[in-house]
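These numbers come from a predicted model, not from an experiment.
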Amino acid sequence: MAQADTRLRVRKEDDVVHVEFVDRNILDEANIQRIGEEILALIETESEPRLVISFSNVDHLSSAALGTLITIHNKMKAKSGSLRLANIDPQIYEVFVITKLNKLFEIHDTSENAIASLK
Amino acid sequence: MTAPSSQPRTDADIALDNEPEAIRTTQDEILKAAADAGYAEAACFAIRLALEEAIYNAFRHGHKELPHEPVRVAWRITDQRIDLAIEDKGPGFEPEAVPDPTSEERLELPHGRGLMLMRAYMTSIEYNDKGNRVEMVFDKATQTP
């Protein structure tokens, strides 16, 4: 069960950290900042972290959310970690395509496939 | 100040405070008016995204030195097109000078994508000469696949 003030649901499976968003819309700045801080704190505790971020609950995101994902990507890279994104709605995937971030991130259809790719 | 949720305004011009709840309420009102006017889910996704980016830019960049000033948000929704205008009181900027965020050397930078998304999702967007007011149009006939 997630803590009352967290914006994430986190579980660990075979040393892979799996993160899901509580909110359907990742739009407002304060929320995005909070999410970024929570995920960066998770990465900080791991050496060579393996992280899957699932968008299964997400209906909307903004460029500020994309910026936070890139910051997470850069942090993962600095720690020689592996990052996968999963369960991205087709409308949101289109945002990744327009911004060409589908080339920067490794994106999988499902969390299971994303986790399997890290084993 | 918000209209009753059952009857969103289709034509309004408001001063919007930099408060997450106020921003959300205004966006929801515009989106509800759009849905009521027959805009499909994909259209509403596009409008929400462009609106979010324009308001974010106005507060974050335009009002960087004016954190307590509201921005002006105007909308007019018909069953054919949606006109949105967002105006801040800042110094403005040159949209043409914003670099391409998809270039290889900029792809890993965490900012600079809002304007690109506004252009991608709206039928047209136009800034005034000063660069502190953006007018965006979503034309239902043009944007519907």
Side-chain angles (χ1 to χ4, degrees), chain A residues 5 7 22-37 39-40 43 53 55 57-81 83 85 88-107, chain B residues 16-28 30-31 35 39-61 63-64 67 71 98-122 143 145:
Chain A
D5 59 347
R7 309 317 307 155
V22 170
D23 303 287
R24 302 197 75 81
N25 296 338
I26 310 178
L27 291 170
D28 85 66
E29 199 181 356
N31 193 11
I32 290 166
Q33 191 178 342
R34 180 64 193 274
I35 285 169
E37 286 168 1
I39 294 178
L40 289 171
I43 298 168
I53 302 178
F55 289 76
N57 299 316
V58 178
D59 292 334
H60 292 279
L61 52 66
S62 64
S63 66
L66 294 177
T68 294
L69 286 174
I70 292 167
T71 301
I72 292 163
H73 161 86
N74 293 344
K75 180 77 173 177
M76 292 290 286
K77 201 168 151 186
K79 294 200 76 170
S80 304
L83 173 64
L85 309 185
I88 300 180
D89 169 272
Q91 277 184 331
I92 293 181
Y93 185 72
E94 184 70 19
V95 176
F96 282 82
V97 172
I98 289 167
T99 54
K100 296 191 180 171
L101 291 176
N102 58 324
K103 294 180 179 177
L104 186 67
F105 293 105
E106 189 172 324
I107 299 174
Chain B
L16 178 63
D17 288 324
N18 191 9
E19 297 290 340
E21 189 57 37
I23 294 169
R24 201 173 305 125
T25 301
T26 298
Q27 290 175 341
D28 287 349
I30 294 170
L31 268 295
Y39 289 81
E41 194 204 335
C44 291
F45 179 91
I47 294 156
R48 182 186 285 274
L49 187 57
L51 190 58
E52 169 69 28
E53 299 297 343
I55 292 172
Y56 177 86
N57 281 348
F59 282 122
R60 182 68 184 261
H61 302 298
H63 285 189
K64 192 176 177 183
V71 302
V98 176
D100 177 5
T102 66
S103 64
E104 203 169 321
E105 65 275 14
R106 303 194 72 84
L107 200 57
E108 294 188 45
L109 295 181
H111 50 76
R113 293 174 179 79
L115 184 58
M116 177 185 206
L117 290 173
M118 289 156 62
R119 285 186 173 131
Y121 279 95
M122 297 301 279
Q143 296 295 119

Enquirer: With respect to chain A, which residue among Met116(B), Glu53(B), Gln27(B), Glu41(B) yields the maximal number of heavy-atom pairs within a distance under 4.5 Å?
Expert: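 Greatest number of close heavy-atom pairs with chain A: Glu53(B).
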Enquirer: Can you tell which part of Phe59(B) gets under 4.5 Å to a heavy atom of chain A, answering side chain, backbone, both or neither?
Expert: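 Neither; nothing under 4.5 Å.
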Enquirer: Looking at chain B, which one of Ser63(A), Ala30(A), Ser62(A) has the largest number of heavy-atom pairs inside 4.5 Å, strictly under?
Expert: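 The candidate making the most pairs under 4.5 Å is Ser63(A).
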Enquirer: Flag yes if more than 12 heavy atoms outside Lys64(B) fall under 6.0 Å of its NZ atom; otherwise flag no.
Expert: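 At most 12 heavy atoms, drawn from other residues, nucleotides or ligands, come within 6.0 Å of this atom.
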Enquirer: Measure the spacing between CD of Glu94(A) and CG of Leu117(B) and express it to the nearest 0.5 Å.
Expert: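 These two atoms lie 10.5 Å from each other.
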Enquirer: Heavy-atom pairs under 4.5 Å with chain B - which of His73(A), Lys100(A), Gln91(A) has more of them than the others?
Expert: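 Answer, by heavy-atom pair count under 4.5 Å with chain B: Gln91(A).
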Enquirer: Please flag which part of Ala42(B) lies under 4.5 Å from any non-hydrogen atom of chain A: side chain, backbone, both or neither.
Expert: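 Both parts, backbone and side chain.
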Enquirer: So what's closer than 4.5 Å to chain B heavy atoms on Ile98(A): side chain, backbone, both or neither?
Expert: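 Answer is both: backbone and side chain atoms of Ile98(A) are under 4.5 Å from chain B.
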Enquirer: Check whether any side-chain heavy atom of Ile92(A) sits under 4.5 Å from a side-chain heavy atom of Phe45(B), and report yes or no.
Expert: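 Answer yes - side chains close enough.
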Enquirer: Are Ile70(A) and Leu109(B) packed together at the side-chain level, in the sense that at least one heavy-atom pair is separated by less than 4.5 angstrom?
Expert: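 In short, these two side chains do not touch, never coming nearer than 4.5 Å.
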Enquirer: How far does CD1 of Ile26(A) sit from CD of Glu52(B), to the nearest 0.5 angstrom?
Expert: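 Output value for this atom pair is 11.5 Å.
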Enquirer: Taking side chain as everything from C-beta outward and backbone as N, CA, C, O, which of these in Ile55(B) sits under 4.5 Å from a heavy atom of chain A? Side chain, backbone, both or neither.
Expert: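 No part of it gets close to chain A.
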Enquirer: Measuring from Arg48(B):CZ to Asp59(A):CG, what's the distance to the nearest 0.5 Å?
Expert: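 Here the rounded value is 9.0 Å.
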Enquirer: Counting a contact as any heavy-atom pair under 4.5 Å apart, which residues of residues 101-108 of chain B contact chain A?
Expert: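 Answer by number: Thr102(B), Leu107(B), Glu108(B).
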Enquirer: To the nearest 0.5 Å, tell me how far Asn31(A) CG sits from Arg24(B) CZ.
Expert: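 It is 8.0 Å, given to the nearest 0.5 Å.
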